[in-house]
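Taking it in order: structure first as structure tokens, then the write-up.
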There are 2 protein chains.
Amino acid sequence: MRETGRSGCPINLTLEILGDRWSLIVLRDMMFGNRRHFRELLAKSDEGIASNILADRLKRLLENGLISRRDDASHKQKGIYSLTEMGISLVPVFAAMADWGRRFLPVTPEMSIRAEILAEGGPVLWQKFMSELRFLHLDAPRPVHSVLDELTAAYRDAVERKHAAESEPAGV
Amino acid sequence: MRETGRSGCPINLTLEILGDRWSLIVLRDMMFGNRRHFRELLAKSDEGIASNILADRLKRLLENGLISRRDDASHKQKGIYSLTEMGISLVPVFAAMADWGRRFLPVTPEMSIRAEILAEGGPVLWQKFMSELRFLHLDAPRPVHSVLDELTAAYRDAVERKHAAESEPAGV
DNA sequence: CCAACTGCTTGCAAATCGCAAGCGGTTTTG
DNA sequence: CAAAACCGCTTGCGATTTGCAAGCAGTTGG
């Protein structure tokens, strides 16, 4: 996308790789939604990325070393995308961005519950989550506790509470 | 730039505001370089933003509440841009991005010294820095210690060391 | 055999980008 | 006090990127 390196500033270099509307969305879905196939990333996204954009971003993320790709043994056409250590290391960035977003932007409660947990858990929880991602995406041993399950369960609870509240008569 | 909100996810909403190549560059220069005028942001940037892009980004950042603008009393044409609390609160995001960039991308040593200090200082240092930014950009009282001076001094030392090394004969 | 699905590409109009020049006005300089 | 420099910001324009829809060859499951 961009070929001319402008400066050696770490923030600038980070933005040259991730500074667009979709790259971090793709990584978010891989990281927090455990979406590993093209179609999963394409269809199950709340934001609706276009297929050509997704293909382009996956290519760029591959080239930049944030993700890797291998063939799915059970399906000759499927490819499985995995986070690399470089991609997994973005957890603190996501945590900081999500915490900022939930404090200053009109987020929905059920979408911000995971950001809240990550903010409260702090770096200790982030490290646990990163260990789990190394198990899911690399060949690291399984950790004793699943942060992803915890986050997903909290999200589902929030969605259920929302639906329950919506089906109740107003004002109760 | 973008008008359709896609989802209430905090990461998505953050990217709708800041997910482009230049918005965070502008905020970085205001925050770490204390650049407050249009021309300062235009000319003294290592990356060379175009003037129309800068004007557009300043407008968007104003609309989204990340910065404010007031007239410069000493110069009828100048406007002074300041970070709001919303903008100052991006310090942890910058720290996380800068730390990630310096670990995985080909940064130059003198440009990454500040990222290193911020990473080592952790949240305690970030809070000190944010207090200083509230003094510089809002009407908060002056803090006892200047993190910005510390960062700037370290950066200048690194630049001087670099120039000294370059003027030496090779291999010494 | 066939419908559904796989990752991914193509075509195209619209939006955005980077670059250069310029604008009316203000401040500094000689 | 006039010329030069500077101020924030806009305009024009060609090149790139985006969003959207459709489609492709190959694979799988019923």
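- For the pair A:Asp56 CG and C:dG7 C1', the computed distance is 15 Å after rounding to whole Å.
- For B:Arg142, the side chain to side chain contact (heavy atoms under 4.5 Å, CB included) criterion is met by B:Phe135, not counting sequence neighbours.
- Here the P atom of nucleotide D:dT16 and the CD1 atom of A:Ile53 are 16 Å apart, to the nearest Å.
- Atoms CG (A:Leu42) and C1' (C:dT6) sit 12 Å apart, rounded to a whole Å.
- Between B:Arg60 atom CZ and D:dC9 atom P the separation is 17 Å, expressed in whole Å.
- By the side chain to side chain contact (heavy atoms under 4.5 Å, CB included) test, B:Ile17 is found to be paired with A:Leu105, B:Asn64, B:Leu66, residues two or more places apart in sequence or in another chain being considered.
- Atom CG of B:Asp71 and atom P of C:dT27 are 12 Å apart (whole Å).
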Contacts table for residues 112-121 of chain A: side-chain donor-acceptor under 3.5 angstrom, sequence neighbours left out:
unit_1, atom_1, unit_2, atom_2, d
A:Ser112, OG, A:Thr108, O, 3.3
A:Ser112, OG, A:Pro109, O, 3.1

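- Under the side chain to side chain contact (heavy atoms under 4.5 Å, CB included) criterion, A:Arg69 pairs with A:Leu62, A:Asp71, A:Tyr81, sequence neighbours left out.
- OP1 or OP2 of C:dC17 sits under 4.0 Å from a side-chain N or O of B:Arg57.
- For A:Leu58 and C:dT9, the CG to P distance is 10 Å, given to the nearest whole Å.
- Distance, B:Arg21 CZ to C:dT16 P: 18 Å, rounded to whole Å.
- Under the rule for a side chain to side chain contact (heavy atoms under 4.5 Å, CB included), the partners of A:Ala50 that lie at least two apart in sequence or sit in another chain are A:Asn52, A:Ile53.
- Proximity of A:His145 to A:Glu150: side-chain heavy atoms (C-beta onward) are separated by under 4.5 Å at one or more points.
- Residues A:Lys78 and A:Ala55 each lie close to DNA chain C; by heavy-atom proximity, the contact nearer the 5' end of the strand is made by A:Lys78.
- The interatomic distance linking B:Arg36 (CZ) with D:dG8 (P) rounds to 13 Å, in whole Å.
- Between the side chain of B:Glu47 and the backbone N or O of B:Ile25, no donor-acceptor pair lies under 3.5 Å.
- In terms of phosphate contacts, B:Arg69 brings a side-chain nitrogen or oxygen within less than 4.0 Å of OP1 or OP2 of D:dC9.
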Original post:
What string of B, S and - do you get for nucleotides 20-30 of chain D, 5' to 3', if B is base contact, S is sugar-phosphate-only contact and - is no contact with any protein heavy atom under 4.0 Å?
Top reply: BBB--BBSS--
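- If you check D:dG19, D:dC9, C:dC17 against the side chain of A:Trp22, the one that comes closest is D:dG19.
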